[in-house]
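Residue numbers start at 1 and run along the sequence shown.
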Amino acid sequence: MTKLKLRLQEGNYKRMVMVHQDVFTIGRLPQCDLYLPSSGVSRYHARIVKTPSDAWLIEDLGSKNGTQLNEYLITSPQELQNGDAIWLGDVCLTVVLTPVESSIFKQGVVSPGRTILRNVKQLQQQWIFADHIDGDVGIKDKTIARLKDLVDIAKNLSAAASIEAIFSQVQQVVFRYLNSIDRLALLIDVSGSGKLELLNSATRNIYYEEDLPADGSWISRSICQKVFEEKVAIQTADAQNDERFAGENSLLVKGIRSAMAVPLWDENKVVGVLYADAHLSSYHWAERGEEELSFFSALANLVASSVQRWLLVEKLKSEEVIRQRLERYHSPAVVQQLIAVGALPNGRLPPQESEISILFADLVGFTAISETLTPTHIADLLNNLFEEMLQEVFACAGTLDKYIGDCIMAFFGAPEPQQDHADRAVTAAMGMLTRLDNLNAKNFWTEPLQLRIAINSGKAVVGDVGSSQRVDYTALGATINLAARMEGICPPGECVVSETTYKILSQPSCFSEMGDYRFKGINRLVKIYQTKMHNIPTDLKMRRE
């Protein structure tokens, strides 16, 4: 059997995607198995299917731009080979095919006195219900004693709030029950991407804990990955003399003689691995190996629940921080979608090129108005005005870029692609002008206020930009520069759009040509259109969200 991975490259952005199911969809919708929010990718662009003969096929789903395999557009399902390049628009996926079976492991095989590999379910009850009599203690008494131990362990783990407290409980139990173990490690898939991270480790002798490298280089990653991916428990009593590990340099170089690893899972999801090893061979495992492995597995099940709870708490904390930051820029609906699809590596939105419409809304005569007001009154005016105008931006699923003095800078079409970004920008602009008219009629301020609004459309780089101390979510590029220049020629109380925006509007008839203009820093004439209609066409009203 072969395992399929896809190496994703979009510009300078790279990551590895695991294909876990037999039918794997790729497209621009968040519901797809591989979500690609790129303008060149269709909603349901392509899919990968695994055949009964263990081959992987790629087929196009009627996408707008087609699916290219290496140098050719495909018109029928094509078999994938290792190293193939799949192109969907400007996104490249490189095929990585690897055998599922590791060369050093075979499921269900026991090498007497050496290595045990068992499915975890086989070990669930084995340690609790002892299958032999130990001295004068009967099977029933030993079972009751072990059940009491597990109850005590579960109580202590349930009270542990941090990952450090969880590991502290695990460390005490393991070193008390397993005298053969020298070192212990807790590895967790924190990000949910399948990458195990070493969160805690310890040695039986506290004087040697400083000798454990923080990067986990002393751990057998091949064993841990096998355990994590296949939900199996592994124990080897003497790795140095076991032919299974003849090619496993990590075990040989690190001097590991005996090792044991079990998955942290609750029958729904594997969240990590509990790993232990020793430099000396554990020959007693030849007789009691499965019993100790089953105890280690039973303990891991209890730990898994505590780790799951900790991961959930950390996720909620992270989401709350992200939500608070993003709500400064996006409507609540967009914020929820971004968090739901996990589009925030490290809590940031990486810069990428997008097709957007940029809007500048500037308060007319603000300098003259501010001359007659105190700083406190100026702040009150802007706060109240921005609060009202931003509702129109968010109603059209727009993104607030920033406030520039008395000016609002917002855009449409990112971070989530919007094919009708120009319509949304115009709808928001008309809504702002109409809302301000209504506010003036209710004596919102001591004198009537007016806005100038300019809209331009085109490509821009959108994402988090800044230093390690401060980051802003913003749009950059020539499209933004032109929109800023256009705002200066807009008549008070009106909205102007560029020719680029005008051509992609679904209802361009609400604008009339204003003329050709030349702007500073732009070596070409730009045709500008303006509207004097504050009432918005019915079709555009329906687009507001």
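Checked by atom type and distance alone, the side chain of D189 pairs as donor or acceptor with a backbone atom of G194 at under 3.5 Å. No donor-acceptor pair under 3.5 Å is formed between the side chain of N200 and the backbone N or O of L186. A donor-acceptor pair is defined here as one N or O able to donate and one able to accept, closer than 3.5 Å; such a pair exists between the side chain of H45 and the backbone of G66. Side chain of R7 to main chain of T94: no donor-acceptor pair is present (N/O by atom type, distance under 3.5 Å, no hydrogens or angles).
Inter-residue side-chain proximity for C495 and V426 is flagged as unmet; no heavy-atom pair is nearer than 4.5 Å. Between N438 and F444 there is no side-chain heavy-atom pair separated by less than 4.5 Å. The shortest distance between side-chain heavy atoms of P492 and R452 falls below 4.5 Å. For the pair V17 and L93, the minimum side-chain heavy-atom distance is 4.5 Å or more. Two residues are said to be in side-chain contact when any heavy atoms from C-beta on lie closer than 4.5 Å; W56 and V95 fail this criterion. The shortest distance between side-chain heavy atoms of L80 and I86 falls below 4.5 Å.
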- Message: If you apply the rule side-chain hydrogen bond (donor to acceptor under 3.5 Å, both in side chains), what do you find for D90 with S38, and how did you get there?
- Response: CA-CA 8 Å; D90 58 354; S38 174; 3.0 Å; yes
- Item | Full working for side-chain contact (heavy atoms from CB on, under 4.5 Å) between V227 and Y275 | CA-CA 10 Å; V227 166; Y275 174 87; over 6 Å; no
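The two atoms that bring V262 and A300 nearest to each other are CG2-CB, 3.5 Å, heavy atoms only. Between F411 and T474 the shortest heavy-atom distance is CE2-C, 4.4 Å. The nearest pair of heavy atoms linking D362 to C407 is OD1-CB, 3.6 Å. Residues V307 and I166 share a closest heavy-atom pair of N-CD1, 4.2 Å. Residues N440 and L449 approach most closely at ND2-O, 2.8 Å, considering heavy atoms. In this structure, L198 and A185 approach most closely via the heavy-atom pair CD1-CB, 3.8 Å.
With respect to F412, the side-chain contact (heavy atoms from CB on, under 4.5 Å) criterion is satisfied by exactly one of V393, D420, T399: V393.
For R309, the side-chain contact (heavy atoms from CB on, under 4.5 Å) partners at least two apart in sequence or on another chain are S306. Shown here are the side-chain contact (heavy atoms from CB on, under 4.5 Å) partners of A55, two or more places apart in sequence or in another chain: T51, S53, E79. For T75, there are no side-chain contact (heavy atoms from CB on, under 4.5 Å) partners at least two apart in sequence or on another chain. Qualifying ring-ring contact (aromatic ring centres under 6.0 Å, His included) partners for F228, counting only residues two or more places apart in sequence or in other chains: none. Residues forming a side-chain contact (heavy atoms from CB on, under 4.5 Å) with A46 (at least two apart in sequence, or on another chain): I58, T67, L88.
Between Y403 atom OH and I408 atom CD1 the span is 6.0 Å, to the nearest 0.5 Å.
The pair K459-E355 meets the salt-bridge criterion, with a side-chain N (NZ, NE, NH1 or NH2) lying under 4.0 Å from an Asp/Glu carboxylate O.
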Please set out all donor-acceptor pairs under 3.5 angstrom arising from side-chain atoms of residues 383-390, sequence neighbours excluded.
from : atom 1 : to   : atom 2 : distance (Å)
N383 : ND2    : A379 : O      : 3.1
N384 : ND2    : D380 : O      : 3.0
E388 : OE1    : R435 : NH1    : 2.8

